[in-house]
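Inspection log for the structure reproduced underneath, given as structure tokens.
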Amino acid sequence: MQSPEDVATAVGRNVRALRQQRRMTIDALAAAAGVSRGTVIQIETARGNPSIATLVGLAAALRVGVASLVDGDAQPRVVVRRADEAARLWSSAAGSNAVFRIGTDPPDVVELWDWTLQPGDGFDGEAHPIGTQEVLSVLSGRLGLRVGGVEQRLDAGDTVMFQAHAPHRYSGEGDGPVRFVMVVLQPGDAGLVPPTSIAEAEAPLP
């Protein structure tokens, strides 16, 4: 059985991690859980054991069960997807394909893809929410990349990172197939873009 000190440490670590994953401030979590800001700070810094009512309130505000808050397993999560478990999610008549290797669940999405494009073949990617980025590294062959109106040619060993909120296209440009790996990074707040300008208030009528 965990000691009170171990429980306090686990709860503090888990509450802080979950709050940050959900892009919540300390004040926002305190308001949602019905506790004071000081209580959240004390819990996150393991300076006290919260009551059952406080744990229930925090769990509800963070959209998890109480068990997720008191879990004392500090070991990092390791997920292995074997080669034969990867999913081919796109292919073309020319023999091109895109294999989804592994990824995370929302709110913060990270995806790893393994692409092969035959010469002259291509794939048109739709615009992602603003805030999404893609990172591509060419393993072999030559890759053509168009992002919006910008075009690039990438050879084996070249790497590119771009904002993916515009339509984009990957194409095989060399004499043989091009193979590249791609990471998609989509944070939980992607698409939540503040206005670029705020109109002045109209003058009150006399």
Side-chain angles (χ1 to χ4, degrees), residues 13-14 16-24 62-65 67-68 71 73-194:
R13 180 185 65 245
N14 294 331
R16 180 178 177 83
L18 288 165
R19 175 177 64 78
Q20 291 176 336
Q21 288 174 13
R22 283 151 178 73
R23 301 287 199 275
M24 298 178 75
L62 293 167
R63 305 190 302 279
V64 297
S68 295
D71 183 5
D73 186 3
Q75 292 298 316
R77 183 184 180 211
V78 177
V79 178
V80 176
R81 175 170 285 184
R82 302 298 179 186
D84 60 357
E85 297 173 329
R88 179 177 297 178
L89 298 184
W90 174 82
S91 61
S92 74
S96 302
N97 62 78
V99 177
F100 179 73
R101 292 295 179 185
I102 201 166
T104 63
D105 294 323
D108 296 313
V109 175
V110 180
E111 298 175 348
L112 176 62
W113 293 78
D114 185 345
W115 285 77
T116 299
L117 292 175
Q118 299 298 327
D121 204 5
F123 179 85
D124 292 300
E126 296 181 358
H128 296 292
I130 290 181
T132 304
Q133 297 190 76
E134 292 189 11
V135 182
L136 281 66
S137 188
V138 180
L139 302 178
S140 60
R142 168 171 279 198
L143 174 69
L145 173 66
R146 185 177 71 235
V147 182
V150 179
E151 295 191 9
Q152 300 285 344
R153 296 292 181 273
L154 304 169
D155 293 313
D158 291 345
T159 302
V160 63
M161 178 170 63
F162 63 90
Q163 297 175 322
H165 57 264
H168 39 283
R169 177 177 176 81
Y170 327 113
S171 55
E173 298 289 333
D175 296 330
V178 57
R179 185 181 176 202
F180 62 97
V181 290
M182 177 178 73
V183 176
V184 180
L185 308 170
Q186 184 172 304
D189 56 358
L192 302 179
V193 181

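Keep in mind it's a predicted model, so treat the numbers as computed, not measured. Heads up: numbering here begins at 1 and tracks the sequence.
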Can you establish whether the number of heavy atoms outside D124 located under 6.0 Å from its atom CG is more than 12? yes
Closest heavy-atom pair, R101 versus A86, reported as atoms and distance to 0.1 Å, is NH1-CB, 3.5 Å
Nearest heavy atoms of P119 and G174, plus distance in Å: CB-O, 3.4 Å
With rounding to the nearest 0.5 Å, note down the distance linking CZ in F180 to CG in L154. 9.5 Å
Close side-chain approach of V64 to R22, heavy-atom, < 4.5 Å: yes
Rounding to 0.5 Å, atoms CD (E151) and CZ (R169) come to a distance of 10.0 Å
Euclidean distance, D114 CG relative to M182 CE, rounded to 0.5 Å: 10.0 Å
Any side-chain to backbone donor/acceptor pair from N14 onto S68? Under 3.5 Å, distance only. yes
Pair M24, L62 - check side chain to side chain contact (heavy atoms under 4.5 Å, CB included), show working. CA-CA 9 Å; M24 298 178 75; L62 293 167; 4.1 Å; yes
Within a radius of less than 6.0 Å around CD of Q163, do more than 12 heavy atoms belonging to other residues, nucleotides or ligands occur? no
Identified ring-ring contact (aromatic ring centres under 6.0 Å, His included) counterpart of W90 within the set F100, W113, F123: F123
Can you see whether S171 engages E173 through a side-chain donor-acceptor pair at a distance of less than 3.5 angstrom? yes
Going by the ring pair (Phe, Tyr, Trp, His ring centres under 6.0 Å) test, which pairs reach into residues 137-167, not counting sequence neighbours? F162-H168
Output yes when R153 and D158 qualify as a salt bridge under the 4.0 Å nitrogen-oxygen rule, no when they do not. no
Closest non-hydrogen atoms of D121 and S92, given as atom of the first, atom of the second and distance, are OD2-OG, 2.5 Å
Between V79 and I102 the two heavy atoms that sit nearest each other are O-CD1, 3.8 Å
Does any part of the side chain of W115, heavy atoms only, come nearer than 4.5 Å to the side chain of L143, both counted from C-beta? no
Could you measure the distance from the CG atom of N97 to the OG1 atom of T116? Nearest 0.5 Å is fine. 5.0 Å
In terms of heavy-atom contacts, does CD of E85 have more than 12 from other residues, nucleotides or ligands at under 6.0 Å? yes
If you compare all heavy atoms of A127 against all heavy atoms of P167, which two are closest, and at what distance to 0.1 Å? CB-N, 3.9 Å
Heavy-atom count check: over 12 atoms from other residues, nucleotides or ligands less than 6.0 Å from R16 CZ? no
Test side chain to side chain contact (heavy atoms under 4.5 Å, CB included) applied to V109 and V184, step by step: CA-CA 8 Å; V109 175; V184 180; 5.9 Å; no
Check the pair V183, V110 against side chain to side chain contact (heavy atoms under 4.5 Å, CB included), reporting the backbone distance first and the verdict last. CA-CA 7 Å; V183 176; V110 180; 4.0 Å; yes
Of all heavy-atom pairs between P129 and Q186, which one has the smallest distance, and what is that distance? CD-OE1, 3.7 Å
